[in-house]
Amino acid sequence: MTSKLFPTTVVGSMPRPQHIKDLINEQVSQNISTEEFQRVIDRAIPYIVQIQEIAGIDIISDGEWGRKSYIGIIADICSGFDLTTREVNGEQQTWHTVTNILQVINPGQAANEAKRLKEHTENDIKVALPSPYLLSERMWDQKISVNAYPTKQAFTESLIPIIRTELIRLRDEGVAIAQFDDPQLCLLADPNISKTFEDVDREIDYSINVLNRIVDRIDGMRFALHLCRRNKGRSGWIGEGGYGPIVPALNDLTFDMLMLEFAIPVAGDKRILSSLSHKFDIGLGCVDCRSPHIDTPEEIVVRVEEALNFIAAERIYLHPDCGFAPGSAAEIPIDEAYVKIRNLSIAAKMLREKYG
């Protein structure tokens, strides 16, 4: 891992050009084979790597270009899902929904992503995996999933060994950071959402317990948890409120890093950083990935310096608030994302000159 101050990274997903979106849709509709899809994606990955390297990013992702969504990788690993249309937050959306007992049919999908990525960069790399708690919230439906898994928790439990095996394969592939995404945990900090749960503290504690069990006794890599308030692109976010309600549980997490968003106004006060255990490095979300506004290096520096009032510079990593395109249909221009991460790298250099 890099030893420089204020190392930079992306959260995971990067915008897909239209031809990559078309390719993903063709593969989902089975108009092209998995082999053909992968052949084209393999040739596209160097482009998204080059964008990050030229921008000056230290820890590289493959942009998740081979996934329809950041959580969709589980449906590539396992059978047992059907594409269904459900109402989510008042909108009709197409989701993979579990309808049968999961069977692992394509293990090592995340490690395959890492292997392809390593062929095109000498930088440290990261690969993101969805938290089982998040997957159960998105992919279990009380009406059509109960014949396979009678409860949401039963589905969550079935995912733990599957994700753990993927994680071990990532470690064996030489990945520097494995990042778990769990915006659902972050939404539990929103009082309007938390009150819809019978026992929200139990939900919070369970989500942390699940993650701790996945990484138990796995060494040789670092573990990061990314938390956000859902990313709806230009439409903004879903949850609101600071991290305070989930901090006690976060401090029980046996991870190395927390990746938190702070560029959006509803993320709360950075003073909460002083309540987090010193065992964590802090990924500081200091670039807005949702709006068309281009954060200047100076604006980014101000956000970081606010955080320096509460945590040491040696603990801070810099990144955008969230992935630029957690779903392949996201309409964020790739050149916009490039300028934003370029400015992130410029800000990191400014900070190193001042604090190094």
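Both backbone and side-chain heavy atoms feed into the values below; hydrogens, waters and symmetry mates do not.
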Student: Name the orientation class of the two ring planes belonging to Phe81 and Phe155 (parallel below 30°, tilted from 30 to 60°, perpendicular beyond 60°).
Tutor: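 Perpendicular.
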Student: Could you tell me whether Lys115 and Glu119 have a side-chain N and a carboxylate O separated by less than 4.0 Å?
Tutor: no
Student: Do the side chains of Glu36 and Arg39 get close enough for a salt bridge, i.e. N-O under 4.0 angstrom?
Tutor: yes
Student: Do Lys152 and Glu203 sit within salt-bridge range, that is, some charged N less than 4.0 Å from a carboxylate O?
Tutor: no
Student: Please determine whether a side-chain nitrogen of the Lys or Arg among Arg229 and Glu240 lies less than 4.0 Å from a carboxylate oxygen of the Asp or Glu.
Tutor: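 Glu240 and Arg229: not salt-bridged.
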Student: Can you check whether Ile272 reaches Val247 side chain to side chain, under 4.5 Å on heavy atoms?
Tutor: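 Ile272 vs Val247: side chains touch.
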Student: Decide if the gap between the ring center of Tyr133 and the ring center of Phe180 is smaller than 6.0 angstrom.
Tutor: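 No: the rings miss the under 6.0 Å criterion.
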Student: When Ile332 is tested against each of Ser13, Pro15, Pro292, Ser291 for side-chain contact (heavy atoms from CB on, under 4.5 Å), which residue passes?
Tutor: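 Among Ser13, Pro15, Pro292, Ser291, the one that satisfies the side-chain contact (heavy atoms from CB on, under 4.5 Å) with Ile332 is Pro15.
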Student: Would you tell me whether Asp82 and Thr99 have side-chain atoms, one donor and one acceptor, within less than 3.5 Å of each other?
Tutor: yes
Student: Between the side chains of Asn112 and Arg116, does any donor sit under 3.5 Å from an acceptor?
Tutor: no
Student: Do Asp252 and Asp205 have side-chain heavy atoms sitting under 4.5 Å apart?
Tutor: no
Student: Do you see a donor-acceptor pair shorter than 3.5 Å between the side chains of Thr254 and Asn212?
Tutor: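 Looking only at side-chain atoms, Asn212 and Thr254 do form a donor-acceptor pair, the distance falling under 3.5 Å.
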Student: Just by distance, no angles: are the side chains of Asp58 and Thr8 close enough, under 3.5 Å, to form a donor-acceptor pair?
Tutor: yes
Student: Give a yes or no on whether Tyr47 atom OH has more than 12 heavy-atom contacts from other residues, nucleotides or ligands under 6.0 Å away.
Tutor: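 No, not enclosed.
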Student: Restricting to non-hydrogen atoms, name the atom on Asp76 and the atom on Asn106 that form the minimum distance, rounded to 0.1 Å.
Tutor: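 For Asp76 and Asn106, the tightest heavy-atom pair comes out as O-ND2, 3.0 Å.
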Student: Are Ser207 and Gln184 linked by a side-chain donor-acceptor pair shorter than 3.5 Å?
Tutor: no
Student: For Asp335, is the CG atom crowded, meaning more than 12 foreign heavy atoms sit under 6.0 Å from it?
Tutor: no
Student: Over 60° means perpendicular and under 30° means parallel, so classify the ring planes of Tyr355 and Phe6, tilted if in between.
Tutor: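 Answer is perpendicular, since the angle exceeds 60°.
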Student: Taking atom CZ of Arg271 as the centre, report whether more than 12 heavy atoms of other residues, nucleotides or ligands fall under 6.0 Å from it.
Tutor: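 Atom CZ in Arg271 is not packed in, count stays at 12 or less.
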Student: Could Asp219 and Arg171 be called an ion pair, given the rule that one side-chain N must be under 4.0 Å from one carboxylate O?
Tutor: yes
